[in-house]
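Worth knowing before you read on, the calculation uses all heavy atoms, side chains too, and leaves out hydrogens, waters and symmetry mates. Just so we're clear, the structure is a prediction, and the values are computed from it rather than from any experiment.
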Amino acid sequence: MATSRALGAPEAGEKAARSGPRRTLNSLLWAVLIPLAATAAGFLAQYPYGMLWAGVVLALGAAAAAAIVAGGIWNRAGAATIASVAALALALFAGPTLYELYVKQFGERVDALVADTGKRVNAKGTELAVCRLVDTSGRVQDVSEQQNCHGQFTPQQHVVLFSDPLGGLDPWVEATADPALDGVGSGITGALFGLTGAALFSAGQRRRSDQEVAVALRRRYGAPRRSGE
């Protein structure tokens, strides 16, 4: 019996050594995949023609995947909650950040003049800022809060439009041609990406089987009692 234990010890050690790198790789895979999916969902929602709903579905799918993998498979409820909530928030902040980054780095700069500013009411009854611009070609267009019109511009003010070279996204408006990004938005996006990935990686490294959870519950609360006892 002592001999069999001695033989079994190296085998258990080799199995643990093999499972260690695999577990780390698997945890890292999910820690990168789900935040990337949430980020892509946020950017996809910036496109018109109904792509908002596609982005919402993808964002909800990323949050659900975080909850299922970390909570349902790895049995880490706390990390699952953090990862799923952070994934939803990441999609919310990553969209405008990537939108701004893309059009400022690859978009065409067009000078424009603010013709008028005002408010519009959406279908839900919420008032939103809107700016009417006239570019150098004489084209008149209205830009919304999604395009960085938040009431900060005044009539007759010179502004710069960053237009998508592919024509898929609406233009982004700024007071100057400075391509620098909003530090607050990019900082929050990076923090949420890291939080989502860290929660998933931590859950993956500390994953527990259903049997381990059952043993832990039995140690804490004792063995289940039969009815009538």
Quiz item: Counting N and O atoms only, with roles assigned by atom type, does the side chain of Gln147 sit under 3.5 Å from a partner on the main chain of Pro171, one being a donor and the other an acceptor?
Solution: yes

Quiz prompt | Residue pairs fulfilling disulfide (SG to SG under 2.5 Å) with at least one residue in residues 142-171, sequence neighbours excluded | solution = Cys131-Cys149

Quiz item: Is the backbone of Leu181 close enough, under 3.5 Å, to the side chain of Lys104 for a donor and an acceptor to pair up by distance?
Solution: no

Quiz prompt | Side chain Arg208, main chain Asn75, donor-acceptor under 3.5 Å | solution = yes

Quiz prompt | Side-chain heavy-atom pair Leu166, Tyr102 within 4.5 angstrom cut-off | solution = yes

Quiz item: Is there a donor-acceptor contact under 3.5 Å from the side chain of Tyr99 to the main chain of Asp170?
Solution: yes

Quiz prompt | Whether Gln46 side chain and Phe43 backbone form a donor-acceptor pair below 3.5 Å | solution = no

Quiz item: Is there side-chain contact between Leu98 and Thr39, with at least one heavy-atom pair below 4.5 Å?
Solution: yes

Practice problem: Any chance you could lay out the side-chain contact (heavy atoms from CB on, under 4.5 Å) test for Val114 and Gln156, step after step, and finish with the verdict? | Solution: CA-CA 5 Å; Val114 179; Gln156 305 304 315; over 6 Å; no

Quiz item: Would a 4.5 Å heavy-atom cut-off, applied to side chains only, mark Val160 and Val173 as touching?
Solution: no

Quiz prompt | Polar side-chain atom of Arg76 near backbone of Arg206 as donor-acceptor pair, under 3.5 Å | solution = yes

Quiz item: Which of these passes side chain to side chain contact (heavy atoms under 4.5 Å, CB included) with Leu128: His150, Arg120, Gln146, Lys119?
Solution: Arg120

Quiz item: With no hydrogens and no angle check, is any side-chain donor or acceptor of Ser202 less than 3.5 Å from a backbone partner on Ala198?
Solution: no

Practice problem: Check step by step if side-chain hydrogen bond (donor to acceptor under 3.5 Å, both in side chains) holds for Ser27 and Gln205. | Solution: CA-CA 7 Å; Ser27 302; Gln205 291 298 92; 3.2 Å; yes

